[in-house]
Amino acid sequence: MNDSIRAQFPILHQSVNGKPLIYFDNAATSQKPLAVINAIKDYYEQYNSNIHRGAHHLAQLATEKYENARTAVAQHINASEHEINFVRGTTEAVNLVATSYGRKFIKAGDEIIVSEMEHHSNIVPWQMLCEEKRATLRVIPINDAGEIIFEEYLKLLSEKTKIVSIAYISNAIGSIHPVKEVISEAHKVGAVVFIDGAQALPHKKVDVKDLDCDFLGFSGHKVFAGTGIGILYGKAELLEAMNPYMGGGEMIKSVSFAGTTYNDLPFKFEAGTPHIEGGISLGAAINYINEIGLDKIASYEDELLAYGTEKFLEVEGLRIVGTAKNKASVISFLVNNIHMNDIGILLNEQGIAIRIGHHCCQPLMDRLKIEGTCRASFAFYNTKEEIDATVNALKRIVKRLS
Ligand code: C6P
């Protein structure tokens with residue numbers, strides 16, 4: 001990747017604490033290219049309006065752009081437009097399915113399976129559903145490298161299994177799960193599968209037909225779009241069978257005190273005025289990454305991961321947490337007995353942004369018997385020079401604190 005790509009991201013060209021910013025917190029949220037920033041700006045400067053209801057020019061333009069974004073997302077993941085529901089993010093996507101699908105189809109004694117390394121947003125909604133329905137949450141264990149133990153998963157599956165919900169890529173340690181195999185095994189026992197795609201969409205091509213997942217959720221802000229927007233994909237027949245998540249405007253065909261009829265997909269799940277510029281920004285982001293090419297992005301990030309892994313291990317006492325064979329561009333690490341908070345603070349003093357803590361994966365940290373990690377997560381606009389600068393800073397920190 002070259003300077004012309006970095007030039008598309010204005011935020012990267014600044015100093016923090018007198019040093020050039022090195023942004024390695026992409027798993028938390030990614031930075032936005034000019035194509036996205038301008039799409040949001042254009043919306044407010046040229047055609048801000050509510051959508052789907054106005055008869056006037058601005059409303060028509062806003063509706064067209066918003067729906068074009070839905071089309072871009074549908075094409076990107078190989079779905080149909082009516083299977084693409086705009087939501088606030090991955091968290092809302094999981095909650096929507098747990099509530100709308102779960103309340104209708106889960107009953108006492110049923111089982112829901114998640115893995116030991118899920119983000120809290122892919123645990124808590126299922127726990128809430130299990131509590132309400134007296135169903136049971138079962139957990140796929142992981143090995144020390146941070147991979148799910150597939151044989152153990154197979155043992156958990158039974159005719160009681162109704163939902164399997166798993167991340168494509170772990171946010172905390174970067175493991176890429178064999179989701180296609182997870183899905184096909186779940187289908188053998190008649191369970192539906194939710195894929196948490198929050199960390200996958202920014203890095204790789206996700207084809208819902210090829211995976212045959214029943215649901216997929218992801219967040220716009222991790223895929224170079226604005227915050228507060230995300231996608232829930234669901235197979236049309238499942239979405240049709242589910243009750244609406246929220247009631248209000250847009251999601252109805254007609255309302256009377258005798259009863260209400262719901263709108264067709266996808267509007268049935270989109271009550272109220274949506275996050276219009278968010279949706280438009282997501283369309284712009286998807287078009288942007290497709291212009292670069294996800295294959296190119298993925299292979300460059302693999303290169304960064306391989307380079308970074310080798311370089312980070314040069315730091316005395318540094319241990320990488322999460323060494324799955326199949327990994328995304330995330331390096332979670334700890335250094336001897338230096339507290340992760342100290343590393344985070346001292347790197348920030350050098351203008352280097354990483355995330356520290358449990359990364360909303362406390363059960364994973366319990367399994368690994370650690371409090372948390374330092375996490376450097378790379379995007380395609382990062383460089384090997386930034387990795388070198390970070391490693392040098394880490395070496396200085398070790399010297400100072402050991
Ligand atoms: N992970 C991280 O720093 P929302 O907040 O709804 O956009 O995404 C939630 C979420 C769900 N699943 C996975 C795998 C995720 O990584 C995240 C968000 C961020 O790792 C913030 S905790």
Side-chain angles (χ1 to χ4, degrees), residues 23-32 73 85-99 114-128 140 142 146-148 164-177 179 182 193-204 206 213 215-233 245 275 278-279 281-282 285 301 321-322 324 326-333 340 344 348 353-365 368 372-379 382:
Y23 187 76
F24 280 167
D25 197 17
N26 295 286
T29 198
S30 59
Q31 299 304 347
K32 319 304 169 200
V73 173
N85 305 278
F86 281 114
V87 291
R88 281 191 297 147
T90 313
T91 303
E92 189 171 55
V94 186
N95 278 279
L96 195 160
V97 175
T99 305
V114 296
S115 91
E116 209 169 12
M117 67 169 85
E118 296 310 309
H119 188 279
H120 296 162
S121 66
N122 196 23
I123 297 176
V124 182
W126 304 118
Q127 282 179 324
M128 290 159 68
I140 312 168
I142 60 163
E147 294 158 324
I148 57 164
V164 175
S165 192
I166 187 165
Y168 201 143
I169 298 180
S170 155
N171 63 311
I173 56 175
S175 319
I176 303 179
H177 299 309
V179 287
V182 167
V193 183
F194 181 97
I195 297 296
D196 170 349
Q199 298 294 341
L201 270 288
H203 304 293
K204 65 200 300 268
V206 175
C213 58
F215 300 103
L216 168 83
F218 66 92
S219 302
H221 69 96
K222 293 193 199 286
V223 73
F224 316 103
T227 50
I229 191 75
I231 295 295
L232 169 67
Y233 155 82
Y245 180 50
H275 185 10
S281 80
L282 182 52
E301 288 177 352
V321 180
N326 208 359
K327 246 186 97 169
S329 52
V330 171
I331 299 181
S332 252
F333 63 94
M340 56 186 173
N348 180 52
I354 61 157
R355 183 170 172 186
I356 49 163
H358 54 59
H359 315 300
C360 299
C361 295
Q362 281 183 328
L364 170 64
M365 299 305 150
L368 299 173
T373 70
C374 305
R375 183 187 70 184
S377 50
F378 311 133
N382 290 127

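Counting convention: from 1, in listed order, for ligands and their atoms alike. All residue numbers in this chain count up from 1 along the given sequence.
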Q: With a heavy-atom distance limit of 4.0 Å, tell me whether T91 approaches ligand 1 through its side chain, its backbone, both, or neither.
A: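 The answer is both.
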Q: Would the F378 and F24 ring centres measure less than 6.0 Å apart?
A: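 Judged by ring-centre distance (under 6.0 Å), F378 and F24 do meet the cut-off.
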Q: Judged by atom type as modelled, is there a donor-acceptor pair below 3.5 Å linking the side chain of K222 to the main-chain atoms of A27?
A: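 Yes, because the side chain of K222 sits within donor-acceptor range (under 3.5 Å) of the backbone of A27.
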Q: Relative to ligand 1, is R375 under 4.0 angstrom through side chain, backbone, both or neither, heavy atoms considered?
A: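 Answer for R375: side chain.
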Q: Just to confirm my output: which protein heavy-atom neighbour is closest to atom 18 (C) of ligand 1, and how far is it?
A: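 Ranking protein heavy atoms by distance from atom 18 (C) of ligand 1, first comes K222 NZ, 2.8 Å.
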Q: Hey, are H221 and S30 close enough side-chain-wise for a donor-acceptor pair under 3.5 Å?
A: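 There is no such pair between these side chains.
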Q: Ignoring hydrogens, just give me the one of R88, H119, H221 whose non-hydrogen atom is nearest atom 15 (C) of ligand 1.
A: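 That would be H119.
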Q: So, D196 and T90: side-chain donor and acceptor under 3.5 Å apart, yes or no?
A: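 Checked: D196/T90 side chains show no N/O donor-acceptor pair below 3.5 Å.
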Q: For H358 and H120, take the angle between the two ring planes, folded into 0 to 90°, and tell me which bin it lands in: parallel under 30, tilted 30 to 60, perpendicular over 60.
A: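 If you compare the ring of H358 with that of H120, the planes turn out tilted.
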Q: Assess, by modelled atom type and distance only, whether the side chains of S332 and T373 contain a donor and an acceptor separated by less than 3.5 Å.
A: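 Present: a donor and an acceptor within the cut-off.
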Q: Ligand 1 versus S121, non-hydrogen atoms closer than 4.0 Å: side chain, backbone, both, neither?
A: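 Near ligand 1, S121 shows its side chain, while the N, CA, C and O stay back.
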Q: Within ligand 1, which atoms have a heavy atom of S219 less than 4.0 Å away?
A: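 Per the distance check, 4 (P), 6 (O), 7 (O), 8 (O).
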Q: For atom 3 (O) of ligand 1, which of the options H358, E118, H359, R355 provides the nearest non-hydrogen atom?
A: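 Shortest heavy-atom distance from atom 3 (O) of ligand 1: R355.
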